[in-house]
Amino acid sequence: MKKLYYLIFIILIVIILYCFFKSVIFYIDNKKIEVSFKETNSVSESFSNSDVILTYRNKYNNDDIIGILVIDGLNINELVVKGVDNSYYLNHLVDGRVSVLGSLFMDYRSDFSSKQINIYGHNSRYYDVVFKRLEKYLDKDFYKDNRYISLISEDGVFTYEIFSINVTNSENHLDFSSSFSDRVKYLKNNSLYDTGVDVSYDDYLLVLQTCIYNRDGDLLVISAKRVNF
């Protein structure tokens with residue numbers, strides 16, 4: 001009987017050590033991915049010249065790089081890419097490396113002349129991914145001092161003012177087959193709080209989308225209207 005107890009004890013020790021080892025490896029791998037993400041996707045240079053887009057295309061050998069998203073209050077200065085679909089950049093960085101963190105990417109059906117531009121990015125419980133910071137807009141007091149977004153393209157810098165913060169499990173804001181007026185109405189009427197910013201069917205929109213946790217909806221949608229032309 002003692003031998004049996006001893007064997008069970010040894011097995012338990014082995015299992016505990018194995019689990020500990022796997023946890024350490026998981027932590028190290030996650031840190032490597034997080035550092036890789038920050039090194040690849042974060043933009044640190046000055047944005048005074050739209051030629052910076054070409055600089056990053058050359059740096060990462062990627063013509064899919066189309067712009068830079070800037071939200072000062074969230075310390076966001078990030079490259080934006082656009083693929084041939086909405087799948088590739090869910091798990092690829094801007095330099096082509098595979099990563100669960102993905103990139104910020106524009107909907108392949110949008111371009112800078114579109115009435116509505118959609119940009120997607122991951123949220124995470126474990127990583128400091130860029131769009132996780134969008135959750136700060138759940139606080140109206142934060143919104144009051146951080147309502148503007150800049151989107152840099154080869155053609156210049158576009159400025160947007162946020163008019164809606166929406167938590168939803170619906171994708172009515174993404175249904176490009178629906179009328180633009182219906183999308184504008186949906187985004188404005190379903191804001192978590194009244195921003196006091198008017199929006200019309202003549203406006204050009206920027207919609208940022210990520211997942212959200214511990215809320216009734218599955219998606220966090222930040223919608224803004226263009227204020228400079």
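Owing to the predicted nature of the structure, the values given are computational and were not obtained by experimental measurement.
Other residues, nucleotides and ligands contribute more than 12 heavy atoms inside 6.0 Å of the CG atom of N189.
Taken from CG in L74 to CD in E135, the straight-line distance is 11.0 Å, to the nearest 0.5 Å. Taken to the nearest 0.5 Å, the CD atom of E171 stands 11.5 Å off from the OG atom of S178. Considering CD1 of I165 and CG of L192, their distance stands at 7.0 Å, rounded to 0.5 Å. In this structure, the separation between CG on D72 and CG on N77 is 6.5 Å, given to the nearest 0.5 Å. Atom-to-atom distance recorded for L206:CG and R226:CZ is 11.0 Å, nearest 0.5 angstrom. Between L54 atom CG and K59 atom NZ the span is 13.5 Å, to the nearest 0.5 Å.
Within the 3.5 Å criterion, the main-chain N or O of I117 finds no donor-acceptor partner in the side chain of S114. Using a distance-only test at 3.5 Å, with no hydrogens or angles considered, no donor-acceptor pair links the side chain of R147 to the main chain of E161. When atom types are taken as modelled, the side chain of K188 and the backbone of D198 share no donor-acceptor pair closer than 3.5 angstrom. The main-chain N or O of D194 is found under 3.5 Å from a side-chain atom of K140 such that the two form a donor-acceptor pair. Under a 3.5 Å cut-off, the side chain of Y143 and the backbone N or O of I162 do form a donor-acceptor pair. Using a distance-only test at 3.5 Å, with no hydrogens or angles considered, no donor-acceptor pair links the side chain of S164 to the main chain of S223. Distance alone, capped at 3.5 Å, is enough to place a donor-acceptor pair between the H122 side chain and the L90 backbone.
Using a 4.5 Å heavy-atom cutoff, the side chains of Q116 and F176 are in contact. In this structure the side chain of L174 reaches within 4.5 angstrom of the side chain of Q209, judged on heavy atoms. Using a 4.5 Å heavy-atom cutoff, the side chains of I66 and F112 are in contact. Considering only heavy atoms from C-beta on, N190 stays 4.5 Å or farther from V221 through its side chain. Side-chain contact check for V184 versus D203: every heavy-atom pair is 4.5 Å or farther apart. With a 4.5 Å cut-off on side-chain heavy atoms, L220 and L138 count as touching. Proximity of L151 to I119: side-chain heavy atoms (C-beta onward) are separated by under 4.5 Å at one or more points. No side-chain heavy atom of K82 sits less than 4.5 Å from a side-chain heavy atom of D64.
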**Item:** CA sep, side-chain torsions, deciding dist, call: N172, S170, side chain to side chain donor-acceptor pair (under 3.5 Å)
**Value:** CA-CA 6 Å; N172 289 353; S170 170; 3.1 Å; yes
**Prompt:** Stepwise, does the side-chain contact (heavy atoms from CB on, under 4.5 Å) test hold for I222 with F131?
**Reply:** CA-CA 10 Å; I222 309 297; F131 269 12; over 6 Å; no
**Item:** Working for side-chain contact (heavy atoms from CB on, under 4.5 Å), residues E154 and R57
**Value:** CA-CA 12 Å; E154 290 181 286; R57 284 177 179 167; 3.2 Å; yes
**Message:** One pair to check against side-chain contact (heavy atoms from CB on, under 4.5 Å): V81 and L79. What are the steps and the verdict?
**Reply:** CA-CA 7 Å; V81 289; L79 296 175; 5.6 Å; no
**Message:** Working note: L93 + Y60, criterion side-chain contact (heavy atoms from CB on, under 4.5 Å); need CA distance, chi angles, decisive distance, verdict.
**Reply:** CA-CA 10 Å; L93 301 179; Y60 296 117; over 6 Å; no
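A side-chain donor-acceptor contact under 3.5 Å links Y186 and T168.
The hydrophobic cluster containing V70 also contains Y56, counting ILVMFWY residues as joined when their side-chain heavy atoms lie under 4.5 angstrom apart, directly or transitively. Under the 4.5 Å side-chain contact rule for hydrophobic residues, Y148 and V130 do not share a cluster. Y108 and F105 end up in different hydrophobic clusters when Ile, Leu, Val, Met, Phe, Trp and Tyr side chains are linked at under 4.5 Å. Two different hydrophobic clusters hold Y127 and Y213 under the rule that ILVMFWY side chains link at heavy-atom gaps under 4.5 Å. Under the 4.5 Å side-chain heavy-atom criterion for grouping Ile, Leu, Val, Met, Phe, Trp and Tyr, Y193 is connected to L134 within one hydrophobic cluster.
Nearest heavy-atom pair across G121 and T210 is O-OG1, 2.8 Å.
Classification of the H92-Y88 ring pair by plane angle, with boundaries at 30° and 60°, yields parallel. Note on ring orientation: taking the six-membered ring where Trp is involved, the planes of Y160 and F158 are perpendicular (angle over 60°, cut-offs 30° and 60°).
Screening I71, N123, D128 for a side chain to side chain contact (heavy atoms under 4.5 Å, CB included) involving R133 leaves a single residue, D128.
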